[in-house]
Amino acid sequence: MAQVLEFKLPDLGEGLTEAEIVRWLVEVGDVVAIDQPVVEVETAKAMVEVPCPYGGVVTARFGEEGTELPVGAPLLTVAVGAPEGPETSGPVTPGPSGARNGSSTLSGSSSTSSSSSSPGSSATESSGGSGNVLVGYGTGAPAARRRRIRPARLDRTPTPSRALKVEAPVPEAPVSEAPVSEALGVPVTAASSTAAAVSVAAVSDGPVPVVSPLVRRLARQHDIDLRRLTGSGPDGLILRADVDGAIRQAEEAEAARTRTAQAAAAPTGPSPASPVAASPAASAAPAAERIPLRGVRGAVADKLSRSRTEIPDATCWVDADATELMAVRAAMNAATGPSAGPKVSVLALLARICTAALARFPELNSTVDTEAREIVRLPGVHLGFAAQTERGLVVPVVRDAHTRNAESIGAEIARLTELARTGKLSPAQLTGGTFTLNNYGVFGVDGSTPIINHPEAAMLGVGRIMPKPWVHQGELAVRQVVQLSLTFDHRVCDGGTAGGFLRYVADCVEQPAVLLRTL
């Protein structure tokens with residue numbers, strides 16, 4: 001007998017709690033193989049394809065493209081095994097409980113699995129699972145099933161629209177408040193508004209089923225009463241999409257009230273000073289655009305806010321003559337013969353200078369453990385570099401940069417930059433950095449005060465390299481000048497250490513031969 005198995009959004013690691021559906025790779029009715037990618041999702045750090053650990057026929061999908069789902073929410077259901085009776089050949093219909101099709105499918109799959117499996121078998125074994133394990137789920141040994149205790153509900157016969165229903169007649173009474181249906185945003189199928197109000201009061205006494213604390217926080221920030229929302233998730237679970245919808249409805253209602261007030265305050269006819277009345281289009285103010293802080297933009301906002309809140313940072317900067325560094329780079333790239341390697345970028349040379357400077361000043365290659373009140377000096381340098389992409393600012397990490405030369409660092413930077421532009425960086429390639437190099441000179445600016453990439457202790461910023469008047473060997477000359485700025489965590493070191501680090505970097509830029517001492 002066919003089993004309907006539910007595949008949930010797995011834990012994608014690195015503390016990620018939700019993902020946005022970018023593109024479905026399968027349709028309902030498609031046959032999928034074990035470990036076949038079924039959906040492409042975008043997290044706060046990367047876009048990944050999620051494989052399904054079951055093989056069979058897709059019977060349902062949960063969420064449209066552009067929808068955000070929390071980790072653990074259902075993605076799709078798969079019918080595994082050949083059907084044996086006519087009852088499995090069609091879609092699952094609502095049973096006596098009157099639940100909608102999606103709920104019946106889930107409950108039916110659970111009962112089918114338990115009734116068709118013997119005590120020594122599991123759904124994974126019967127489905128021919130791959131045994132491959134992603135973070136948070138897999139098809140190996142089956143997990144022990146525990147009965148889920150659901151909170152008591154006033155009405156155990158939900159309708160397909162999950163509207164409140166009052167079957168017993170309630171004596172009519174004068175109602176002075178607005179109808180409950182308007183407050184809830186759902187139809188009330190009762191003979192009177194008083195009956196619906198009684199039902200709402202009874203429901204509000206019980207617990208509110210919410211998918212995650214993030215949804216509760218979002219509701220608090222926008223003054224949304226979760227007890228007045230009807231969840232679209234399984235068993236009435238309130239999802240983020242439900243709260244977003246309530247926020248949009250509140251904004252639209254506020255905009256409508258504003259337009260009504262403006263129309264009531266506007267004069268009914270042309271003023272004596274103006275023979276022609278202003279048109280409605282000219283008098284209406286343009287609506288402000290609201291852009292949700294989610295995905296990469298939301299992750300960047302959270303991290304920068306945390307950095308400014310937790311880290312007491314300070315910034316020092318210096319101008320350096322980069323003429324000799326540019327000449328050395330030109331000579332390296334002009335070399336021919338068997339020993340000539342790939343082209344070396346300015347960023348690769350600066351990265352190599354940073355690793356040499358961190359070897360001299362290891363205080364800046366550290367982090368602060370606030371709970372233990374300890375400074376943790378890290379043994380290796382995992383160098384992050386800022387890269388601007390269509391999805392926003394990302395910081396790929398060059399692992400073990402202290403063991404690489406300029407050519408190796410340059411090759412790894414080029415590889416990670418290409419992955420960043422195509423959106424194929426994995427979460428592991430975007431985390432674990434110990435020091436960040438930010439080349440904002442590519443945007444045509446000279447200086448900046450970078451924000452430290454939490455939980456690191458420092459970031460080096462590099463402005464554009466451009467011809468400027470400079471005193472060289474006692475005479476005024478036109479030289480290639482660059483501004484270097486260092487933002488550091490004042491808890492890990494004082495200004496003397498930060499100034500020594502920055503001065504060493506500037507000396508290497510002005511006289512690249514200084515690097516020979518550390519090679």
Closest contact, heavy atoms only, [X] versus [Y]:
X	Y	value
Ile353	Tyr504	O-CE2, 4.4 Å
Pro53	Asp35	CA-OD1, 4.0 Å
Gly72	Lys8	O-CD, 3.2 Å
Leu486	Ala498	CD2-O, 3.5 Å
Val514	Cys508	CG1-SG, 4.0 Å
Ala406	Leu349	CB-CD2, 4.1 Å

[atom1]-[atom2] distance between [X] and [Y], expressed to the nearest 0.5 angstrom:
X	Y	atom1	atom2	answer
His454	Arg306	NE2	CZ	4.0 Å
Asn365	His402	CG	NE2	9.0 Å
Thr77	Gln3	OG1	CD	13.0 Å
Leu350	Arg329	CG	CZ	10.5 Å
Gln388	Asn439	CD	CG	12.5 Å
Asp242	Ile247	CG	CD1	11.0 Å

Contact between [X] and [Y] at the side-chain level, heavy atoms closer than 4.5 Å - yes or no?
X	Y	result
Asp489	Pro312	yes
Gln429	Pro396	no
Cys52	Val78	yes
Leu502	Leu460	yes
Val48	Val41	yes
Val39	Trp24	yes
Ser448	Phe443	no
Glu363	Arg377	yes

Please check if atom [atom1] in [X] has more than 12 non-hydrogen atoms from other residues, nucleotides or ligands closer than 6.0 Å.
X	atom1	answer
Arg421	CZ	no
Gln511	CD	no
Trp317	CH2	no

Side chain [X], main chain [Y], donor-acceptor under 3.5 Å:
X	Y	answer
Tyr54	Phe7	no
Arg491	Ala457	no
Thr434	His382	yes
Ser408	Asn405	no
His490	Cys493	yes
Asp369	Ala372	yes
Ser305	Ala301	yes
Thr355	Ala401	no
Arg61	Val26	yes
Glu510	Asp321	yes

### Task
Evaluate side-chain contact (heavy atoms from CB on, under 4.5 Å) for Glu18 paired with Leu69, printing each intermediate quantity in order.
CA-CA 6 Å; Glu18 58 190 6; Leu69 295 179; over 6 Å; no
### Query
Please walk me through it: do Lys303 and Val395 pass side-chain contact (heavy atoms from CB on, under 4.5 Å)?
CA-CA 12 Å; Lys303 199 159 193 177; Val395 185; over 6 Å; no
### Task
May I have the step-by-step check of side-chain contact (heavy atoms from CB on, under 4.5 Å) for Gln483 and Met466, ending in yes or no?
CA-CA 10 Å; Gln483 185 181 95; Met466 62 177 300; over 6 Å; no
### Query
Can Lys424 and Glu49 be counted as an ion pair, charged N to O under 4.0 angstrom?
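No, this pair does not count.
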### Message
With a 4.0 Å cut-off on N to O distance, would you call Asp244 and Arg248 a salt bridge?
### Response
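Judged by the 4.0 Å cut-off on N to carboxylate O distance, Asp244 and Arg248 do not form a salt bridge.
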### Thr436 versus Glu456, side-chain donor and acceptor atoms under 3.5 Å
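Judged by distance alone, the side chains do pair up.
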### Query
How about Thr487 and Asp313: does a side-chain donor come under 3.5 Å of a side-chain acceptor?
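No, no side-chain donor-acceptor contact under 3.5 Å.
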### Query
Between Val344 and Asn333, is a side-chain contact (heavy atoms from CB on, under 4.5 Å) present by the stated rule, with each step listed?
CA-CA 7 Å; Val344 178; Asn333 292 337; 3.9 Å; yes
### Query
What is the ring orientation for Phe501 with Phe435, classed by angle as parallel under 30°, tilted 30 to 60°, or perpendicular over 60°?
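Ring orientation of Phe501 relative to Phe435: tilted.
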